[in-house]
Amino acid sequence: MRTRHLLEKVAATDATVLFSGESGVGKELFSQQLHALGRRAARPFIAINCAAIPDNLVESELFGVEKGAFTGATASRAGYFERASGGTLFLDETSTLAYSAQGKLLRALQERTVERVGGQRSIPVDVRVVAASNVDLAAEVAAGRFRSDLYFRLCVFPITIPPLRERRDDIPLLMAHFLRLYCQRHGRTLSGFTRRATDVLLKYDYPGNIRELQNLIERGVVYADDGGQIDMVHLDGCRLLCGRHVSRAS
């Protein structure tokens, strides 16, 4: 798989990686693999969803805050850059950052230092930055919504992750992985999947990509009888069972 090959090539370096692809293709999973394969594997992997940070809190979340910097800042707190120091900082949905926040992020990347909100000293940080976007950042730059200088700072080593429907060889491995994960998490013991459930899972188009497959497997683990197998009936309630998908898979 080309994506895996690129991942292995860049993992041993500290180059900034930009993952792109449809929502749910597994950008965070690939980022975790990148971290695990690199020389920073023993250090922290910190993931942050940029879309989940209110614009007025981006600076304090990324760079930290000193006690008394604003109302409610009752204690000093390290930001994500400091917490990831020595390891990897994964910035998901980077395109959602406000233009002003993009400038602050660019400065941190260029200088490899941060200054906490309300602070008066620069704090050096040693992080590998991995970014991800489910929209075309080059198109966002052309539209004036994303800074070109930040784009080129992030896009040192771009990797496009194909949708799951274009890498079906990964589906059996992911099925086995999520089955183990959710059996352990929910205290269940299942022996696998029935033939008909397997056939449909292998042929489904997954508009929600890996995230959709992950949800299907967790639902199956919860519904199936302990000691049994996941069958079609345990996947009820998803688009997988809509008529046109069943007919395509049968």
Side-chain angles (χ1 to χ4, degrees), residues 1-4 7 19-37 44-53 88 90-96 130-135 159-250:
M1 179 180 174
R2 182 174 182 273
T3 304
R4 178 71 183 186
L7 199 70
F19 287 110
S20 60
E22 294 178 6
S23 180
V25 293
K27 293 184 281 291
E28 184 168 347
L29 288 174
F30 276 94
S31 299
Q32 290 171 342
Q33 290 181 6
L34 178 68
H35 175 73
L37 291 170
F45 173 88
I46 303 294
I48 178 171
N49 184 343
C50 296
I53 309 175
T88 300
F90 173 60
L91 301 172
D92 197 9
E93 299 194 57
T94 316
S95 64
T96 63
V130 178
S133 176
N134 57 10
V135 300
I159 298 179
T160 300
I161 304 174
L164 190 55
R165 61 184 174 275
E166 294 179 10
R167 46 189 175 101
R168 294 190 179 276
D169 288 349
D170 287 351
I171 295 175
L173 296 175
L174 290 167
M175 288 169 60
H177 168 71
F178 291 132
L179 180 65
R180 289 193 301 270
L181 174 67
Y182 290 116
C183 279
Q184 181 179 24
R185 181 172 298 178
H186 298 303
R188 308 302 302 279
T189 302
L190 298 175
S191 58
F193 304 85
T194 64
R195 174 65 64 86
R196 61 179 181 173
T198 298
D199 287 345
V200 172
L201 287 169
L202 290 175
K203 295 176 182 178
Y204 182 51
D205 276 347
Y206 296 101
N209 287 295
I210 290 178
R211 189 177 296 123
E212 185 173 11
L213 174 60
Q214 183 174 352
N215 290 343
L216 287 173
I217 303 304
E218 183 172 15
R219 182 182 299 127
V221 168
V222 171
Y223 276 157
D225 294 331
D226 207 35
Q229 293 181 307
I230 294 176
D231 197 5
M232 287 287 292
V233 67
H234 305 129
L235 307 173
D236 188 34
C238 64
R239 284 175 293 177
L240 183 66
L241 299 181
C242 293
R244 65 189 183 95
H245 290 305
V246 171
S247 62
R248 289 175 62 183
S250 57

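Atom set for the values below is all heavy atoms of this structure, side chains included, hydrogens, waters and symmetry mates excluded.
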**Student:** Do Lys27 side-chain atoms and Asp92 backbone N/O form a donor-acceptor pair below 3.5 Å?
**Tutor:**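 No, Lys27 side chain to Asp92 backbone: no donor-acceptor pair under 3.5 Å.
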
**Student:** Closest heavy-atom contact between Gln229 and Ser191?
**Tutor:**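 Answer, listing the atom of Gln229 first, then Ser191: CG-OG, 3.1 Å.
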
**Student:** Using only atom types and a distance under 3.5 Å, with no angle test, would you say the side chain of Tyr206 pairs donor to acceptor with the backbone of Leu201?
**Tutor:**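 Yes.
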
**Student:** Quick check for you: to the nearest 0.5 Å, what is the distance between Glu166 atom CD and Asp205 atom CG?
**Tutor:**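 So the CD of Glu166 and the CG of Asp205 are separated by 10.5 Å.
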
**Student:** I'd like to check Ile210 versus Leu29 (side-chain heavy atoms, cut-off strictly below 4.5 Å). Are they in contact?
**Tutor:**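 Side-chain contact under 4.5 Å: yes.
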
**Student:** Between Arg168 and Tyr204, is there a donor-acceptor pair closer than 3.5 Å when you use the side chain of the first and the backbone of the second?
**Tutor:**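 Yes, because the side chain of Arg168 sits within donor-acceptor range (under 3.5 Å) of the backbone of Tyr204.
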
**Student:** Would you say Ser20 and Ser133 are linked by a side-chain donor-acceptor pair, where the criterion is simply a distance under 3.5 Å?
**Tutor:**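 There is no such pair between these side chains.
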
**Student:** Enumerate, atom names and distances included, each donor-acceptor pair closer than 3.5 Å involving a side-chain atom of residues 171-187, sequence neighbours excluded.
**Tutor:**
unit_1: Tyr182; atom_1: OH; unit_2: Gln214; atom_2: NE2; d: 2.7
unit_1: His186; atom_1: NE2; unit_2: Glu218; atom_2: OE2; d: 2.9

**Student:** Can you give me the closest heavy-atom contact between Gly24 and Asn209, atom names plus distance?
**Tutor:**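 Smallest interatomic distance, heavy atoms only, reads O-CB, 3.1 Å.
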
**Student:** Between Ala47 and Glu28, which heavy-atom pair has the shortest distance, and what is it?
**Tutor:**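 The pair with the smallest heavy-atom distance is CB-OE2, 3.5 Å.
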
**Student:** Please list, chain by chain and in numerical order, all residues satisfying salt bridge (charged side-chain N to carboxylate O under 4.0 Å, His left out) with Asp226, sequence neighbours excluded.
**Tutor:**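 Asp226 satisfies salt bridge (charged side-chain N to carboxylate O under 4.0 Å, His left out) with Arg188 only.
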
**Student:** So Thr3 and Pro162, do their side chains get closer than 4.5 Å, heavy atoms only?
**Tutor:**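 A side-chain contact exists here, since the closest heavy-atom pair is under 4.5 Å.
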
**Student:** Checking the side chain of Asp170 only, and the main-chain atoms of Leu164 only, is there a donor and an acceptor separated by less than 3.5 Å?
**Tutor:**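 Judged by distance alone, no pair lies under 3.5 Å.
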
**Student:** Hey, what do you get for OG1 (Thr94) to CG (Asn134), rounding to the nearest 0.5 Å?
**Tutor:**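 If I round to the nearest 0.5 Å, the distance is 9.5 Å.
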
**Student:** Which pair of heavy atoms, one from Cys50 and one from Leu91, lies closest together, and at what distance?
**Tutor:**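 Shortest heavy-atom contact: SG-CB, 4.1 Å.
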
**Student:** Which residues pass the side chain to side chain contact (heavy atoms under 4.5 Å, CB included) test with Asn49, not counting sequence neighbours?
**Tutor:**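 Partners of Asn49 by the side chain to side chain contact (heavy atoms under 4.5 Å, CB included) criterion, ordered by chain and then number, come out as Ala51, Ala52, Glu93.
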
**Student:** So, Arg196 side chain and Asp231 main chain: donor-acceptor pair closer than 3.5 Å or not?
**Tutor:**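 No; judged by distance alone, with no hydrogens or angles, the pair does not exist.
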
**Student:** Check Leu190 against Val221 and note the closest heavy-atom contact, atom names and distance.
**Tutor:**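 So the minimum-distance heavy-atom pair works out to CD1-CA, 3.7 Å.
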
**Student:** Check the orientation of Phe45 and His35. Use parallel for under 30°, tilted for 30 to 60°, and perpendicular for over 60°.
**Tutor:**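 If you compare the ring of Phe45 with that of His35, the planes turn out tilted.
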
**Student:** Are the side chains of Arg4 and Arg167 in contact, using a 4.5 Å heavy-atom criterion?
**Tutor:**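 No. Closest side-chain heavy atoms not under 4.5 Å.
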
**Student:** Would you sort out whether Ile48 and Ile53 count as a side-chain contact (heavy atoms from CB on, under 4.5 Å), showing the intermediate values?
**Tutor:** CA-CA 9 Å; Ile48 178 171; Ile53 309 175; 3.0 Å; yes

**Student:** Using the side-chain contact (heavy atoms from CB on, under 4.5 Å) rule, take Ile217 and Phe193 through it: C-alpha gap first, then chi angles, then the decisive distance, then the call.
**Tutor:** CA-CA 10 Å; Ile217 303 304; Phe193 304 85; 3.5 Å; yes

